[in-house]
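I have a structure here, written as structure tokens, and I will follow up with some questions on it.
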Amino acid sequence: MRPFTYERATDVAAAARAAGSVQGARFIAGGTNLLDLMKLQIETPTHLIDVNHLGLDRIEKTDDGGLRIGALVRNTDLAADKAVRRDYGVLSRALLAGASGQLRNKATTGGNLLQRTRCPYFYDTRMPCNKRKAGSGCGAMQGMSRSLAILGVSDACIAQHPSDMAVAMRLLDAQVDTMGADGVARAIPIADFHLLPGDTPHKETALKAGEIITSVTLPKPIGGTHVYRKVRDRASYAFALVSVAAVFDKDGSARFAFGGIGAKPWRTPTVDAAAKHGAKAVAEAALSGARTTHHNDFKKLLVERTLTSLYRQREARA
């Protein structure tokens, strides 16, 4: 084990200052991803800042009718919240589709947004990985890439984003609220929060050094029928090969976001515009610009079939 120091933060500003002043510092809350990465020495923080006692564990209504979710709200509590289940059903469904009950009891809203890819080449320290070590190469390019991304990829990285929750948040146009090491607060649209790999796949979010997530704010409810469909290799505790978050309106319009196929939670306006033309049209719009390998080309057909099942479910309920 590599040695590290530890402190328990007493307020948000102090936590951000500490993270900004110590090179290699990391925040820790539930630890459901960070501890695994530390065991494998993929993450080697020099200093851990425990943020569990900052009081960021509340779910509150906003003045404009939306919902503010503290960064330390556990996934289990968020999925079970009455307001979330009633007004943001797609979020509750996405959370329940992710991980196991035990992990959801520990995992936090902020941590979920920051979880790192499950690409096997990222986790295998014997293999080159530009996310793990910038400039080392991408072992997945010529390797086994069945689970990896087909949208938003680059010559440097084809890793997929793993979160279910973030896909629903992207569909709902959430914003990520933060505080920097300088004490300045920011509100980052979730569309801009996760970064595409480009030539710098090791840079995964728009967060600055020392910046801490304080909450996630959802706009007022949008109504409609909320659904989340996740296709995976086994029925539980598996990451998505393809997932679709959707809200269908009575007039035939809809909005969509996708997981399992993108380098970040995937949503584009042209997809929503195709909603009234059916599943095939939505799939074609969603997959525009897809870049596949021999191993993951099947995901294109899987996207269309997943959308078809959602449309049939909607028709059966009509």
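In what follows, residues are counted from 1 in the order of the sequence shown.
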Do N33 side-chain atoms and R116 backbone N/O form a donor-acceptor pair below 3.5 Å?
-> yes
D177/T214 under side-chain hydrogen bond (donor to acceptor under 3.5 Å, both in side chains): CA gap, chis, key distance, verdict = CA-CA 6 Å; D177 308 309; T214 55; 5.3 Å; no
Please answer whether the main-chain N or O of M127 pairs with a side-chain N or O of R132 as donor and acceptor at a distance below 3.5 Å.
-> yes
CE of M165 to CG of L113: how many Å apart, nearest 0.5 Å?
-> 3.5 Å
Considering all heavy atoms, the nearest V227-Q313 contact = CG1-NE2, 4.1 Å
Answer yes or no: is there a donor N or O on one side and an acceptor on the other, between the side chain of N52 and the main chain of A29, under 3.5 Å?
-> yes
Give a yes or no on whether Q142 atom CD has more than 12 heavy-atom contacts from other residues, nucleotides or ligands under 6.0 Å away.
-> no
So which pairs with a foot in residues 178-199 pass side-chain hydrogen bond (donor to acceptor under 3.5 Å, both in side chains), sequence neighbours left out?
-> H161-H194, T178-E211, R186-E211
Are D87 and K220 within salt-bridge range, i.e. N to O under 4.0 Å?
-> no
Side-chain (S136) to main-chain (C129) donor-acceptor, under 3.5 angstrom = yes
Are N112 and Q115 linked by a side-chain donor-acceptor pair shorter than 3.5 Å?
-> yes
Could you tell me whether the side chain of H47 and the main chain of A25 form a donor-acceptor pair under 3.5 Å?
-> no
Measuring from D272:CG to R255:CZ, what's the distance to the nearest 0.5 Å?
-> 7.0 Å
Please step through side chain to side chain contact (heavy atoms under 4.5 Å, CB included) for the pair I213 and F27, ending with a clear verdict.
-> CA-CA 10 Å; I213 297 174; F27 299 117; over 6 Å; no
Do R229 and S309 get their side chains close enough for a donor-acceptor pair, meaning under 3.5 Å?
-> yes
Under a 4.0 Å N-O cut-off, is there an ion pair linking D155 with R291?
-> yes
Check M144 against Y121 and note the closest heavy-atom contact, atom names and distance.
-> N-OH, 2.6 Å
Does a salt bridge link D233 with R146, judged by any charged N lying under 4.0 Å from a carboxylate O?
-> yes
Heavy-atom donor-acceptor pair, R74 side chain to D57 backbone, under 3.5 Å = no
